[in-house]
Amino acid sequence: MGLLISMEGFEFIIDREAAMVSQTIRSMLTSPGGFSESKDGVVTFPDISTTILEKICQYFYWSLQYSRGKETEFHIEPELTLELMMAANYLHT
């Protein structure tokens with residue numbers, strides 16, 4: 001399990017496999033440099049709001065299902081599009 005924390009301090013408990021969908025999070029959790037994220041499994045995002053981080057977590061789980069052959073639609077509310085695109089770019093998802 002991993003813990004992702006939004007800029008407001010809201011905590012999302014997420015399966016490590018789901019979190020690894022993001023190349024950035026994967027690097028944070030697996031780097032051998034002794035970073036606190038790899039030791040504790042906790043990643044804080046001071047620039048990502050709770051609403052956006054929640055949607056990102058949903059996407060991680062959706063992506064795992066999609067990669068396993070379950071083809072469903074992933075709905076994105078239009079008002080979240082810009083912030084989601086910026087967060088996705090940062091997270092390499």
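Atom set for the values below is all heavy atoms of this structure, side chains included, hydrogens, waters and symmetry mates excluded.
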Task: Minimum side-chain heavy-atom gap Arg26-His92 below 4.5 Å - done: no
Task: Atom pair CZ/CE of Phe60 and Met20 - distance to nearest 0.5 Å - done: 11.0 Å
Open item on the list: If we ignore hydrogens and angles and just use 3.5 Å, is the side chain of Ser22 paired with the main-chain N or O of Ala19 as donor and acceptor?
Closed with: no
TODO: May I ask you to test the Met1-Asp15 pair for a side-chain heavy-atom distance under 4.5 Å?
DONE: yes
TODO: Would you please classify the geometry between the Trp62 ring and the Phe74 ring as parallel, tilted or perpendicular, with 30° and 60° separating the classes?
DONE: tilted
- [ ] Would you list the pairs meeting ring-ring contact (aromatic ring centres under 6.0 Å, His included) in which at least one residue belongs to residues 2-22, sequence neighbours left out?
- [x] Phe10-Phe12
Open item on the list: Tell me whether Tyr61 contacts the main-chain N or O of Ile14 through its side chain, where contact means a donor paired with an acceptor under 3.5 Å.
Closed with: no
Task: Euclidean distance, Ile52 CD1 relative to Met86 CE, rounded to 0.5 Å - done: 8.0 Å
Task: Shortest non-hydrogen contact from Leu53 toward Ser6 - done: CD2-N, 3.5 Å
- [ ] Might you point out which heavy atoms bring Ser31 and Ser38 nearest each other, and give the distance in Å?
- [x] O-OG, 3.5 Å
- [ ] Calculate, to the nearest 0.5 Å, the distance between atoms CG and OG belonging to Leu91 and Ser27 respectively.
- [x] 11.0 Å
Open item on the list: If you apply the rule side chain to side chain contact (heavy atoms under 4.5 Å, CB included), what do you find for Leu4 with Ile25, and how did you get there?
Closed with: CA-CA 9 Å; Leu4 307 181; Ile25 294 174; 4.2 Å; yes
Open item on the list: Could you tell me if the side chain of Ile56 sits less than 4.5 Å from the side chain of Phe45, heavy atoms only?
Closed with: no
Open item on the list: With a 4.5 Å cut-off on side-chain heavy atoms, are Thr30 and Arg16 touching?
Closed with: yes
Task: Joint hydrophobic cluster, Leu80 plus Ile48, side-chain heavy atoms closer than 4.5 Å - done: yes
Open item on the list: Can you confirm whether more than 12 heavy atoms, excluding those of Met7, are under 6.0 Å from its CE atom?
Closed with: yes
Open item on the list: With a 4.5 Å cut-off on side-chain heavy atoms, are Tyr59 and Ile76 touching?
Closed with: no
Task: Main-chain N/O of Thr50 paired with Glu8 side-chain donor or acceptor, under 3.5 Å - done: yes
Task: Reported NZ-to-CG distance for the pair Lys70 and Leu64, which is rounded to 0.5 angstrom - done: 12.0 Å
Open item on the list: Let me check something: do Val21 and Tyr66 share a hydrophobic cluster, defined by ILVMFWY side-chain heavy atoms less than 4.5 Å apart, either directly or through other members?
Closed with: yes
Open item on the list: To the nearest 0.5 Å, what is the distance between CG on Leu29 and CD on Glu37?
Closed with: 7.5 Å
